[in-house]
2 protein chains.
Amino acid sequence: MQKQETLTKNQKIILDLIEKSDQPLKAYSILFDVKKKGINAPLQVYRALNKLVKIGKIHKIESRNAFIACKNSKCQIANATIFSICESCEDVTEIHDNKLSEHLRDFKDNKGMKYNKYNLEFFGLCKKCV
Amino acid sequence: MQKQETLTKNQKIILDLIEKSDQPLKAYSILFDVKKKGINAPLQVYRALNKLVKIGKIHKIESRNAFIACKNSKCQIANATIFSICESCEDVTEIHDNKLSEHLRDFKDNKGMKYNKYNLEFFGLCKKCV
DNA sequence: TAACACTGTGTAATAATATAACATAATTAA
DNA sequence: TTAATTATGTTATATTATTACACAGTGTTA
Ligand SMILES: [Zn+2]
Ligand SMILES: [Zn+2]
Ligand SMILES: [Zn+2]
Ligand SMILES: [Zn+2]
């Protein structure tokens, strides 16, 4: 819980912005938005993003190269993320489904690999776009 | 089954290369390797990659921006991919696990979204790297 | 056969995403 | 209070991917 309190200025600015959006934001769109707050370079954005991902405050939507705030207290601990993505309107929602999460957490492959993280992205059409 | 026969020259060259590798290849490394075969520009590579992804001959490892040949006849039909990725040596393996696949295929969220595809990436340490 | 749609090609330019390298400052731990 | 760690600011550059345009092949269909 401590890491949450110790965010730096840049990290806070960028987390605030991402939390205000219910949809994923891209790094360079974040950069554009925070220029007025004194963040001038891509690297400043990426450094904050990487930190925020690391501590579980945001997630990267890998297939979209975009970042969304975490809405699910559990996945911060489990390093487990599940998203649904509408391929028409690009709406992204974080899913929490205990049964599915457990199934994934308990998954063992036949190679003896030790997992500490997973990311699942479902694609389809949302209700509006069907 | 027909689309498999009708690959074009560029598509064949690039699929051959990817199939010869048991690990994911990146687009610009592919470009480098196929220059001697007359493929000169990134776009030629990306066009072939996109087509090969579309017909299920290869998959994109989203978290790595890399492409690997499909080893699993079923996922071509199901648009369903599961990979394990070692975060130390970057070894990537396509997983086929019927129970897990069924569970994912049958998953219904509470928003009435209609899924036609999913991608799951497990991260951890392989046996060698533990 | 001609018109058309569709898919692919080749090339050049450029956009979008992300990191390296360096000097410095702030924070924490011993 | 030294040392280690983490973050900053800046410039430059690397990596990944697409736009735009002119044209060629293939298959339909009128
Ligand atoms: Zn989350
Ligand atoms: Zn939608
Ligand atoms: Zn496959
Ligand atoms: Zn490994």
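Letters A, B, ... mirror the listed sequences (proteins, then strands); counts begin at 1.
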Report task. Begin with the C-alpha distance, continue with both residues' side-chain angles, and end with the deciding distance and a verdict on side chain to side chain contact (heavy atoms under 4.5 Å, CB included) for Asp22(A) and Val92(A). Result -> CA-CA 8 Å; Asp22(A) 70 330; Val92(A) 173; over 6 Å; no

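- Of all nucleotides listed (dG8(C), dT11(C), dA18(C)), dA18(C) comes nearest to the side chain of Lys60(A).
- The separation between Ile14(B) atom CD1 and dG10(C) atom P is 10 Å, rounded to whole Å.
- Counting heavy atoms from C-beta outward, Cys86(A) and Met113(B) have side chains that approach closer than 4.5 Å.
- A donor and an acceptor atom, one from each side chain of Gln23(B) and Asp91(B), are located under 3.5 Å apart.
- Side chain of Lys37(B) to main chain of Asn10(B): no donor-acceptor pair is present (N/O by atom type, distance under 3.5 Å, no hydrogens or angles).
- Between Tyr46(A) and dT19(C) there is no side-chain N or O to OP1 or OP2 distance below 4.0 Å.
- In this entry the distance linking CD of Gln44(A) with P of dC22(C) reads 19 Å, nearest Å.
- For DNA chain D, the span of nucleotides reached by chain B at under 4.0 Å from its heavy atoms goes, 5' to 3', from dT16(D) to dA20(D).
- In this structure, Arg47(B) atom CZ and dA12(C) atom C1' are separated by 12 Å, rounded to whole Å.
- A close approach under 4.0 Å does occur between a side-chain nitrogen or oxygen of Asn65(A) and OP1 or OP2 of dA18(C).
- Residues Ser63(A) and Glu121(A) bring a donor and an acceptor atom of their side chains to less than 3.5 Å of each other.
- For Gln11(B), a side-chain nitrogen or oxygen approaches OP1 or OP2 of dG8(C) to under 4.0 Å.
- Taking atom CG on Leu43(A) and atom P on dA21(C), their separation rounds to 12 Å, with Å as the unit.
- When the C1' atom of dG8(C) is taken as reference, atom NZ of Lys12(B) falls 13 Å away, rounded to whole Å.
- Annotation: proximity of residues 16-42 of chain B to DNA chain D (heavy atom, distance under 4.0 Å) is found for Lys26(B), Tyr28(B), numbered in ascending order.
- Checking side-chain atoms of Ser29(A) against main-chain N and O of Leu25(A) turns up no donor-acceptor pair under 3.5 Å.
- If you measure from atom NZ of Lys51(A) to atom P of dT19(C), you get 17 Å, rounded to the nearest angstrom.
- Classification of the Phe122(B)-Phe107(A) ring pair by plane angle, with boundaries at 30° and 60°, yields parallel.
- When the side-chain nitrogen and oxygen atoms of Thr6(A) are compared with OP1 and OP2 of dT27(C), none of them lie within a distance under 4.0 Å.
- One can place CZ of Arg64(A) at 15 Å from C1' of dA16(C), the figure rounded to the nearest angstrom.
- Side chain of Gln11(B) to main chain of Thr8(B): a donor-acceptor pair is present (N/O by atom type, distance under 3.5 Å, no hydrogens or angles).
- For Lys9(B), no side-chain nitrogen or oxygen approaches OP1 or OP2 of dT9(C) to under 4.0 Å.
- In summary, the side chains of Tyr115(B) and Asp109(B) do present a donor paired with an acceptor at a separation below 3.5 Å, with no hydrogens or angles considered.
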